[in-house]
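All remarks here apply to the structure that follows.
All residue numbers in this chain count up from 1 along the given sequence.
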Amino acid sequence: MKFKLRSSFKTIPDQVQAIQKLVKGVMDNKKYQVLLGVTGSGKTFTMANVIEKLQRPTLIISHNKTLAAQLYQELRDFFPENAVSYFVSYYDFYQPEAYIPSTDTYIEKDSDINELIDKLRLAATANLLTRSDTIVVASVSCIYNIGSPIEYGHFVFEFSKGMKINREQIIDRLIDLQYERGDFGFHRGTFRVRGDTIDIFPAYQDEGIRIELGKDRIEEAKYINPVSGEEISNFQHPSCNFTLYPAKHFMTDPSKNKDVFSQIHCDLEKQVAKLTKKGKELEAHRLKQRVTYDLEMIQEVGYVKGIENYSRYFDGRAPGDAPYSLLDYFTHPYGKDWLVIVDESHMTFPQIRGMYAGDLSRKQTLVDYGFRLPAAIDNRPLKFDEFMRRIPNFIATSATPDEWELSMAKDSAKKANVSYNDISYNGVVEQLLRPTGIPDPVVEIRPTKNQVADAIEEIKKQTAKKQRTLVTTLTKRTAEDLSAYLAEQGLKVHYLHSDVKTLDRTDILDDLRAGKYDVLVGINLLREGLDLPEVSLVAILDADKEGFLRSDVTLIQTMGRAARHVEGRVIMYADVITGSMRRALSEVERRRAYQLAMNKKYHITPRSIEKPIREKLIEKDEEPKYSWMFGGKPSVYDTLPDLDMEALTPMEKNRLVRTLKTEMRLAAQDLNFELAAQVRDKIKEIETNL
């Protein structure tokens, strides 16, 4: 199957040259490239075109779940006929196992697995092993251990109509694949048996499978609706095999277990002796008790909570070897013929670099105090050098790439000796032209003396034109105090910083766009995804205070917030021109000049972006978003403030918890993980008081 891009958008010349250069670079074995694209230039559309032209399975890595969800939805629309998958951490709530020696506090692993995300993760790996037209949009969780693709691919159940097999053999095979028998509860990862009919709900898809048996033979195999049981479709052809993949990523081969258990017992004895020699008898006893119990559980049922801590043994890895991750599910079937795109690379690469050290510190403490065998340390994320060795290439996309990405791209270009149309190509592709024609904003520098009074006058001018303003400060306290002062001056204002709840932040941004506020005061308004077409002025207070919040990268991104309005402009309040300011101003002016030149060349008339204000996540005065699931009644989560929790009986609280769990799953199904997390916290609060 081939990638087929479907879109009403047309590529503009700047995108065309970027697509051609990136494709040529990959085809000429250039390992590392950078797409330097300004905000609003259509980087995602460019990458979709690159994927279609290269026809390679693609991994796209983003630095947070929310942005990954946005990319997943966009690419799913671009490639409706292809397998677009979403792979992020599947926990709505996750508390890793840990031990704090100073207070002798052991924290048991606690998690709330999101069923939908688990399905999407399993679907991603199943797609990779069966379809070459697969795109996986992932967070940095893609570098964590998920078990061997060889073992996962080995544990499959292939069947077809007419296949000779009896009921007991099918049941045994399903249990081997970690499917649970649930005759009274049919959900993902379970199967049920009714006479000679076996219904299976694969862990990675929305349809169920019904197998109807005759005399030691499959007479019929069909897809069914898992809720109603109604037939959706028969398998296309009698000779067509259906491949059922496991319900979990971590699988163990019983034929190898004997040797594995012997090795674990041997390592257990060594570690117990080591702890005892150090005078840690309690830790030695604790370790022996825990590991013995885990091994008994694995022998009996093939699985135990925390089995990933023994994955090194079952994978056949030596101590210190890198774990299997999602990257291996690309490498195993495709070798080096796949593509890696790192979105917002200036944020994503540092995250990948930092994962290993934090995990090692926590695991080493568990090992030292007898909670885990040393092998648990090998259940870890990849080190950065291991990650780089496993990817065949990368295309880093960012409006402000770090020097590391740029240097890697330039060095790679030299080695590959790549040129484009007889012009030397240094590995950095620039996409500086916005389809809207809007240039980067005009920047003006004013002294810091009376900067607040001056800013107020400018804000009032913008308000008179029904335009919005952003003001950036250096501290939370300053943002709050300035907001209060602006309100006293008759302006509609709100502040925005990390102490404001996530859901409230999105509502505040929507209210700014709708005109409820004239101005927003914050500290770090450069967050990716901050799309405010109504903002025409960005005022940066104390711009000459060098630091993270006034670095050249931060300044460029902050100024970019005014690049979605035809009258966009920036005022920097500074008494000196710092190095960061000079570099930022130079880059913005270069981008502005390029856009204006291209507008003249292609006769483009700049126009402001028109973008509808999205539906609020929670409407207090209107019918909630998810109320259709409850017969049009108000969402239970929304009505909680009106309930007297003390007056509810335990039975009523249990009923309330069940309803809230339904709403939590609905929110997660809509990829609204912030709301799902909030509902989850309320569930835990109610359960604590039961």
### Task
Quick one: pull up CD1 in Ile143 and CD in Gln351 and give me the separation to the nearest 0.5 Å.
9.0 Å

### Task
Hey, could you give me the CZ/OH distance between Phe87 and Tyr72, rounded to the nearest 0.5 Å?
14.0 Å

### Task
Indicate yes or no: at least one non-hydrogen side-chain atom of Val193 is less than 4.5 angstrom from one of Arg181.
yes

### Heavy-atom closest pair, residues Pro226 and Gly208
CD-N, 4.1 Å

### Considering all heavy atoms, the nearest Phe201-Gln205 contact
CE2-O, 3.3 Å

### Message
Using every non-hydrogen atom in the two residues, find where Thr348 and Ser62 come nearest and quote the distance to one decimal.
### Response
OG1-C, 4.0 Å

## Note on the structure
Here the gap from Asn82 atom CG to Arg76 atom CZ, rounded to the nearest 0.5 Å, amounts to 13.5 Å

### Message
Phe79: which residues meet the ring pair (Phe, Tyr, Trp, His ring centres under 6.0 Å) condition with it, sequence neighbours left out?
### Response
Phe3

### Query
Do the non-hydrogen side-chain atoms of Ile209 and Pro202 ever get within less than 4.5 Å of each other?
yes

### Message
Do the side chains of Glu687 and Lys661 get close enough for a salt bridge, i.e. N-O under 4.0 angstrom?
### Response
yes

### Task
Would you give the length of the straight line joining atom CD of Gln169 to atom CD1 of Ile171, rounded to the nearest 0.5 angstrom?
10.5 Å

### Task
Go through the structure and list residues passing side chain to side chain donor-acceptor pair (under 3.5 Å) with Arg56, not counting sequence neighbours.
none

### Message
Any heavy-atom pair between the side chains of Val291 and Tyr310 that's under 4.5 Å?
### Response
yes

### Query
Quick check, are the ring centers of Phe45 and Phe78 under 6.0 angstrom apart?
yes

### Task
Determine whether Ser139 and Ile61 make a side-chain contact, defined as any pair of heavy atoms from C-beta on separated by less than 4.5 Å.
no

### Near-ring test Tyr179/Phe191, centroid separation under 6.0 angstrom
no

### Message
Under 4.0 Å between a side-chain nitrogen and a carboxylate oxygen: does that hold for Glu97 and Arg290?
### Response
yes

### Message
Closer than 4.0 angstrom, basic N to acidic O: yes or no for Arg6 and Glu81?
### Response
yes

### Query
Salt bridge between Arg362 and Asp359, side-chain N to carboxylate O under 4.0 Å?
yes

### Message
What I'd like to find out is whether the side chain of Ile341 reaches to under 4.5 Å of the side chain of Thr397, using heavy atoms alone.
### Response
yes

### Query
Do NZ/NE/NH1/NH2 and the carboxylate oxygens of Arg167 and Asp216 come within less than 4.0 Å?
no

### Query
Distance-only, no hydrogens or angles: does the Gln55 side chain make a donor-acceptor pair with backbone N or O of Lys2 under 3.5 Å?
no

## Note on the structure
Closest non-hydrogen contact found for Leu177 with Leu244 is CD1-O, 3.8 Å

### Query
Does a donor on one side chain sit under 3.5 Å from an acceptor on the other, for Asp259 and Gln263?
no

### Message
Do Arg210 and Ile198 have side chains that approach each other closer than 4.5 Å (heavy atoms only, starting at C-beta)?
### Response
no

#### Entry: Any side-chain heavy-atom pair of Arg317 and Ser311 under 4.5 Å
yes

### Message
Check Glu180 with Arg192, please: is the shortest side-chain N to carboxylate O separation under 4.0 Å?
### Response
no

### Message
Given the ring of Tyr356, does Lys383 sit roughly above its face, with NZ or CZ under 6.0 Å from the centre of the six-membered ring and within 45° of the axis?
### Response
yes

### Query
Arg131 and Thr134: which non-hydrogen atoms are nearest, and at how many Å?
O-OG1, 3.0 Å

### Query
Under 3.5 Å, is there a donor-acceptor pair linking the side chains of Tyr313 and Asp267?
yes

### Task
Please say which of Arg372, Lys363, Arg312 ends up in a salt bridge (charged side-chain N to carboxylate O under 4.0 Å, His left out) with Asp378.
Arg312

### Task
Return each pair, listed once, that meets side-chain hydrogen bond (donor to acceptor under 3.5 Å, both in side chains) where at least one residue sits in residues 328-341; pairs must be two or more places apart or across chains.
none

#### Entry: Residue pair Asn225 / Val227: nearest heavy atoms and the distance that separates them
OD1-N, 2.8 Å

### Query
Would you call Asn166 and Leu213 a side-chain contact if the rule is heavy atoms closer than 4.5 Å?
no

### Message
Quick check for you: to the nearest 0.5 Å, what is the distance between Ile218 atom CD1 and Phe242 atom CZ?
### Response
11.5 Å

Without placing hydrogens or testing angles, list every side-chain donor-acceptor pair under 3.5 Å for residues 318-327, not counting sequence neighbours.
residue: Asp321; atom: OD2; partner: Ala318; partner atom: N; Å: 2.9
residue: Ser325; atom: OG; partner: Leu327; partner atom: N; Å: 3.3

### Reported SG-to-CD distance for the pair Cys266 and Gln271, which is rounded to 0.5 angstrom
12.0 Å

#### Entry: Pairing residues for Arg286 by the salt bridge (Lys or Arg N to Asp or Glu O under 4.0 Å) criterion, not counting sequence neighbours
none

### Query
Does Gln289 offer a backbone N or O that forms a donor-acceptor pair with the side chain of Thr292 under 3.5 Å?
no

### Query
Excluding sequence neighbours, so at least two apart, what forms ring pair (Phe, Tyr, Trp, His ring centres under 6.0 Å) with Phe371?
Tyr99, Tyr106

### Query
Going through the checks in order, is the side chain to side chain donor-acceptor pair (under 3.5 Å) test met by Ser85 and Asn127?
CA-CA 8 Å; Ser85 303; Asn127 285 338; 3.0 Å; yes

